[in-house]
Amino acid sequence: VGDPDDEATHTEQHNELRETCLQGFESFVLRCSREIQPHLESITTASLAFMKFDPNYNYGDDEEDEMEEEEEWEDEDGYEDEDVEDEDDDTSWKVRRAAVKVLNAILTSRPE
């Protein structure tokens, strides 16, 4: 599924692949519970990591960083930077949704 911190994999194609893999994990958990048992720990770890996956969110708390970012977004005329990707193209939410579904499948299929 990959490393959520690897910026080289923050593409739409990688997100589609991650979503598909996580959907497969969900199916395995729900339909092959005995066979998937040895792999549950790694599936849970990956799902938890991708549940928090949001490449567009900056986790820094510094106000100074915010000011620098605001300055980067505008040029002399006050217009946004043209190199910034359109937020409508972001598909990382699908990865987060699929990860949560896997965790839900694990919890509902294992009452212990």
Side-chain angles (χ1 to χ4, degrees):
V1 181
D3 179 13
D5 295 328
D6 183 6
E7 290 188 19
T9 62
H10 293 177
T11 65
E12 186 173 346
Q13 291 82 12
H14 282 96
N15 286 343
E16 280 185 34
L17 179 60
R18 287 179 175 132
E19 178 189 15
T20 302
C21 289
L22 289 164
Q23 289 171 344
F25 291 162
E26 178 188 12
S27 293
F28 289 145
V29 168
L30 293 173
R31 291 172 179 76
C32 307
S33 59
R34 207 174 2 196
E35 293 86 352
I36 204 72
Q37 183 68 36
H39 307 284
L40 273 182
E41 185 176 339
S42 59
I43 290 173
T44 302
T45 302
S47 297
L48 287 170
F50 283 102
M51 180 181 74
K52 300 181 243 176
F53 174 65
D54 190 356
N56 299 317
Y57 184 74
N58 182 5
Y59 292 95
D61 291 337
D62 295 334
E63 289 182 25
E64 184 177 310
D65 288 342
E66 289 179 20
M67 294 298 289
E68 289 176 9
E69 287 176 10
E70 287 176 14
E71 291 171 3
E72 290 174 9
W73 284 87
E74 296 183 5
D75 62 12
E76 301 95 34
D77 298 329
Y79 293 105
E80 288 187 11
D81 190 359
E82 294 177 11
D83 295 333
V84 176
E85 289 185 32
D86 186 9
E87 289 183 16
D88 293 338
D89 294 340
D90 178 37
T91 56
S92 63
W93 66 271
K94 293 179 180 181
V95 176
R96 291 188 297 277
R97 178 185 62 185
V100 169
K101 284 182 154 187
V102 172
L103 294 171
N104 183 48
I106 291 170
L107 292 174
T108 57
S109 68
R110 303 200 174 348
E112 69 273 354

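The figures that follow rest on heavy atoms only: side chains count, while hydrogens, waters and symmetry mates do not.
Under the 4.5 Å side-chain criterion, counting only non-hydrogen atoms from C-beta, Ile43 is in contact with Val102. Put simply, the side chain of Asp54 reaches to within 4.5 Å of the side chain of Arg96, judged on heavy atoms. When side chains are defined from C-beta on, Thr44 does not count as touching Glu41, because their heavy atoms never get closer than 4.5 Å.
Between Arg97 and Glu19 there is a salt bridge, since a side-chain N of the basic residue sits under 4.0 Å from a carboxylate O of the acidic one.
When hydrophobic clusters are built by joining Ile, Leu, Val, Met, Phe, Trp and Tyr residues whose side-chain heavy atoms come closer than 4.5 Å, directly or via intermediates, Val100 is grouped together with Leu48.
Separating the CD atom in Glu16 from the NZ atom in Lys94 is a distance of 6.5 Å, to the nearest 0.5 Å. In this structure, NZ on Lys101 lies 14.5 Å from CD1 on Ile106, to the nearest 0.5 angstrom. Atoms CG and CD, on Leu17 and Glu12 in that order, are 12.5 Å from each other to the nearest 0.5 Å. Taking CD1 of Ile36 as the start and CZ of Arg31 as the end, the distance is 12.5 Å to the nearest 0.5 Å.
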* **From CA spacing to verdict: side-chain contact (heavy atoms from CB on, under 4.5 Å), Asp3, Thr9** => CA-CA 8 Å; Asp3 179 13; Thr9 62; 6.0 Å; no
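Closest heavy-atom contact between Ala99 and Phe50: CB-C, 3.9 Å. Nearest heavy-atom pair across Leu22 and Ser47 is CD2-OG, 4.0 Å. Taking all atoms of both residues into account, the shortest heavy-atom contact from Ser109 to Val29 is OG-CG1, 3.5 Å.
Within the structure, no pair that satisfies the ring-ring contact (aromatic ring centres under 6.0 Å, His included) test touches residues 24-44, not counting sequence neighbours.
Of the possible donor and acceptor atoms, one in the side chain of Arg110 sits under 3.5 Å from a partner among the backbone N and O of Ser33. Under the 3.5 Å distance criterion, the side-chain polar atoms of Thr11 are matched with a main-chain donor or acceptor of His14.
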